[in-house]
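Reviewing the structure listed below.
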Amino acid sequence: MRSHYCGDIQSSDIGAEVEISGWVHKRRDHGGVIFLDIRDLHGIVQVVFNPESKDTFDLADSCRSEFVINIKGLVRARIEGAINPKMATGEIEIEAQSLIIYSKALTPKFPLDDYQEVNEDVRLKNRFLDLRRPDVNDRLIKRSKITSKIRSVLESNNFHEIETPILTRATPEGARDYLVPSRVHPGEFFALPQSPQLFKQLLMIGGLDKYYQIAKCFRDEDLRADRQPEFTQVDIEASFVTTEDIINLGEDLITSLLAEFTNYEPIEVPRIKYKDAITKYGCDKPDLRIPLELEDISELMKNEEFKVFSGPANDPKARVVALRVPGAAELTRKKIDEYTDFVGKLGAKGLAYIKVVALEEENGLQSPILKFLDQATVNSVTSALKVENGDMIFFGAGNANVVNLSMSSLIKKLADDLDLYVSEWAPCWIVDFPMFERTKENKLTSLHHPFTLPVVTIDELANNPDEALACAYDFVLNGYELGGGSLRVHDPVMQSEIFKILGISSEEADEKFGFLLSALSSGCPPHGGIAFGLDRIVMLLTGTTNIRDVIAFPKTQSASCLLTNAPGEVTLSSTRGVTRAING
RNA sequence: GGUCCGGUAGUUCAAUCUGGUUAGAACGCCGCCCUGUCACGGCGGAGGUUGCGAGUUCGAGUCUCGUCCGGAUCGCCA
């Protein structure tokens, strides 16, 4: 049905008879001559119809936008003055010899050209139209190429792609599960996997040595710009490996993608300890394209009269930080108020600042808080921050979590507003994660997951779980957590101890994880792995900030599909047996 | 669950702050004209339950409350 893709026809094809199939992109009717721009996946080409062949001309006259047609014709050079340099195929055109209309089309619900932005809900309701737009299908094609490259890197490292079940068991920890009622076992449910975590460990115990999978994962949690309820992981696990082995592999994988699909210039990927990341950036996924860091000034503020600073400085659960923003002294009062409001929504009680106007002069600093602070303390702060004239210093003080969240968010906002980015690609590893963190109820919960190998011995872990570090690592790119992994526990006694620390009774552990403990007891190789978020990788490599842009049929923020109207009610016939499953 | 932004022709927006005649524009669509356009052009035309429901008012697209939908974000996401 075609000899060429529309977008591929070039001057070298002049004189050739070609056959193309595609969609009517635009019709320009000049009365005596009709131009149809025909579009397919590769691009657009202009077809010319003259009245000499009346039937074909009349057919072309009846064509409308998005009709699906077939053209046979002769490629010829455009006449002088009619060359369109804005078009990839602008030097040639097709002189139509015949036209077949395969399929008529209603007027599209929205324009498919690039001259008008269309709201996302309209696009998602008519995704089949949206997918025809080059910038949309380009991203999906690039996703396919990225996945292919991932497979080739992993295959060349002797990894084997193995599938794991979609219908599986609910897990007690972690995200909410999507549940599937079992007809055969009334009252019982499958869960869709949050990740293939346990299966890939079982594959290692099963001697498969090196596993990977492009795996669909499901988490019934609220959505974000970079989070969908079903998403895809590049899931990797290997036996007899160290942290170093996995980090090297993960880094090779991502940097080879960056090298192939971007203008990335290789750098040594820094490794940052979790604790240092929190101290310096206020978060565990810093955007290292931004040259801003928090300076902890709690020590300096301990003896100040100013309670706003000295209070948190003397509270072990609080902190006081200063943020030097080079050249930002020009920020207006209105803008500063906006930032105060911004951090306020994240829980901060205020946003103190000092403008550095003329450091060498007596009144060279401007700030409402100067009168509350000792001059020597101010001097210590300015010298610790190495400030220069024209800088702005912002302060965060209070509960450590609030300060970290608000100041790390402020850093990203300032970077956007003031265009502070100094590089295009800034990867890093975050390492030395704690094993556990405390919930609001002061219970211990896994920071990574319960199968993570601690750095310490069983006794040390049991005696001081709060301080124990994990053999875990996250890969962060431009402020996005792209992947994370760990070495896994391969000793059933250690695994039982971790369940115990997490408050999972041995009965529950046996009931939910008996198969794992039994597997660990039957000859388990030391193993570990990592999983990358494929959607986020593609998102970054295609330059978008919205995960929906790289998924063919994404869900809205309320986890529904505007195209199919899923989820929906089910008919009685399709629920046969299932109500019994739900009601027990 | 919280906070914030948005919802007006098929599409993108204006009119909302400051309530007041028949809710406008562009693109698209329909008809007529046009042999070199390419976001073609000219003339004419059709197209609206202002998301939905209450309330305030002589009068509501505009103000208030509720609700639904879309988006950003906090919580949540081992």
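Proteins come first, then strands; the chains are lettered A, B, ... in the order of their sequence lines, and each starts at number 1.
- Within 4.0 Å (heavy atoms only), Ser195(A) reaches at least one base atom of the nucleic acid.
- The distance between atom CD of Gln197(A) and atom P of rC77(B), rounded to the nearest whole Å, is 17 Å.
- Counting non-hydrogen atoms under 4.0 angstrom, Leu562(A) reaches the backbone sugars and phosphates but no base.
- Here Gln228(A) lies out of heavy-atom contact (under 4.0 Å) with every strand.
- Using bins of under 30°, 30° to 60° and over 60° for the plane-to-plane angle, the ring pair Phe433(A)/Tyr274(A) lands in the tilted bin.
- Across all strands shown, rG66(B) pairs with rC52(B); the Watson-Crick or G-U wobble distances both stay below 3.5 Å.
- We find that Glu481(A) and Lys285(A) are not joined by a salt bridge, their nearest charged nitrogen and carboxylate oxygen being 4.0 Å or further apart.
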- prompt: In the 5'-to-3' direction, what one-character label does each nucleotide of nucleotides 36-50 of chain B receive under the scheme B = base within less than 4.0 Å of a protein heavy atom, S = sugar-phosphate only, - = no such atom?
  reply: BBBBB----------

- request: Spell out protein contact along nucleotides 4-17 of chain B as letters: B when the base is contacted, S when just the sugar-phosphate is, - when no protein heavy atom is under 4.0 Å; keep the 5' to 3' order.
  value: ------SBSS----

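- Checked against the 6.0 Å centroid criterion, the rings of Phe67(A) and Trp23(A) do not qualify as a close aromatic pair.
- Between Arg176(A) and Asp220(A), no side-chain nitrogen of the basic residue sits less than 4.0 Å from a carboxylate oxygen of the acidic one, so the salt-bridge criterion is not met.
- Between the side chains of Thr542(A) and Thr544(A), not a single donor N or O lies within less than 3.5 Å of an accepting N or O.
- With sequence neighbours left out, Glu437(A) forms a side-chain hydrogen bond (donor to acceptor under 3.5 Å, both in side chains) with no residue at all.
- Nucleic acid contact class of Leu405(A) (heavy atoms, under 4.0 Å, all strands): sugar-phosphate only.
- When only modelled atom types and interatomic distance are considered, Gln194(A) and Asp177(A) share a side-chain donor-acceptor pair under 3.5 Å.
- Picking from rU73(B), rC76(B), rU35(B) the nucleotide with the shortest atom distance to the side chain of Asp222(A) gives rC76(B).
- Across the strands present, rA46(B) finds no partner; the criterion is a Watson-Crick or G-U wobble pair with both atom distances under 3.5 angstrom.
- Shortest non-hydrogen contact noted between Lys273(A) and Asp432(A) is CE-OD2, 3.3 Å.
- Distance Lys104(A) NZ to rC29(B) P: 16 Å, rounded to the nearest Å.
- Of the residues near RNA chain B, Ser560(A) and Leu223(A), the one whose nearest nucleotide (by heavy atom distance) lies more toward the 5' end is Ser560(A).
- For Phe451(A) and Phe513(A), the gap between ring centers is short of 6.0 Å.
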